[in-house]
Amino acid sequence: HVYNCYTVRVPEGRREELRTFLKERGISTQAYYALPLHLQPCFAHFGYGRGQLPVCEQAAGQVLSLPIFAEMTEPQQDEVIGAVRKFFDVA
């Protein structure tokens, strides 16, 4: 189904700060694939090394998945949205 991940890209160096901010408000997050696929040991046989796919490596350090699930209520969605907006000081 489509309710799996809602992933956002956070400006360089702010992902962990946002994760902490959300965690303090009871909102869980996940950084899936913090190590890009081409650098994972199971894909070493493809021969890619650090620096060969720089956009992937940059994105791996910036993406953060926010909670989303089929039963998520609108007030729960508003809570997540509001917290992210507050973090970035967006009215």
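Computed from a predicted model, the values in this text were never measured in an experiment.
Leu18 and Tyr32 are not part of a single hydrophobic cluster, where members link through side-chain heavy atoms under 4.5 Å apart. Residues Leu53 and Phe43 are members of one and the same hydrophobic cluster, defined by side-chain heavy-atom contacts under 4.5 angstrom among Ile, Leu, Val, Met, Phe, Trp and Tyr. Transitive grouping of hydrophobic side chains (ILVMFWY, heavy atoms separated by less than 4.5 Å) brings Val8 and Phe69 into a common cluster.
Using a 4.5 Å cut-off on side-chain heavy atoms (C-beta onward), Arg50 and His38 make no contact. Within the 4.5 Å cutoff, no side-chain heavy atoms of Ser65 are placed close to those of Tyr6. Using a 4.5 Å cut-off on side-chain heavy atoms (C-beta onward), Phe87 and Thr20 make no contact. For the pair Leu22 and Val84, the minimum side-chain heavy-atom distance is below 4.5 Å.
Judged purely by atom type and a 3.5 angstrom limit, Arg25 uses its side chain to pair as donor or acceptor with the backbone of Phe21. Of the possible polar contacts, none joining the Glu57 side chain to the Pro36 backbone as a donor-acceptor pair under 3.5 Å is found. A donor-acceptor pair under 3.5 Å is formed between the side chain of Arg15 and the backbone N or O of Val63. At distances below 3.5 Å, not a single donor-acceptor pair connects side-chain atoms of Arg14 with backbone N or O atoms of Gln62.
Note: Tyr48 OH to Leu37 CG = 12.0 Å, rounded to the nearest 0.5 Å.
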Quick one: do Met72 and Val80 satisfy side-chain contact (heavy atoms from CB on, under 4.5 Å)? Show the steps, please. CA-CA 11 Å; Met72 191 172 191; Val80 174; 3.8 Å; yes
Please assess Gln58 against Glu12 for the test side-chain contact (heavy atoms from CB on, under 4.5 Å), listing each intermediate value before the final yes or no. CA-CA 8 Å; Gln58 181 183 35; Glu12 193 80 39; 3.4 Å; yes
Could you go through Thr7 and Leu64, starting from their C-alpha distance and side-chain angles, then the distance that decides it, and tell me whether this counts as side-chain contact (heavy atoms from CB on, under 4.5 Å)? CA-CA 5 Å; Thr7 303; Leu64 183 66; 6.0 Å; no
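Across all non-hydrogen atoms, the minimal contact from Ile27 to Glu79 is CD1-O, 4.0 Å.
Annotation for Glu74: atom CD does not count as buried by contact number, only 12 or fewer foreign heavy atoms lying within 6.0 Å.
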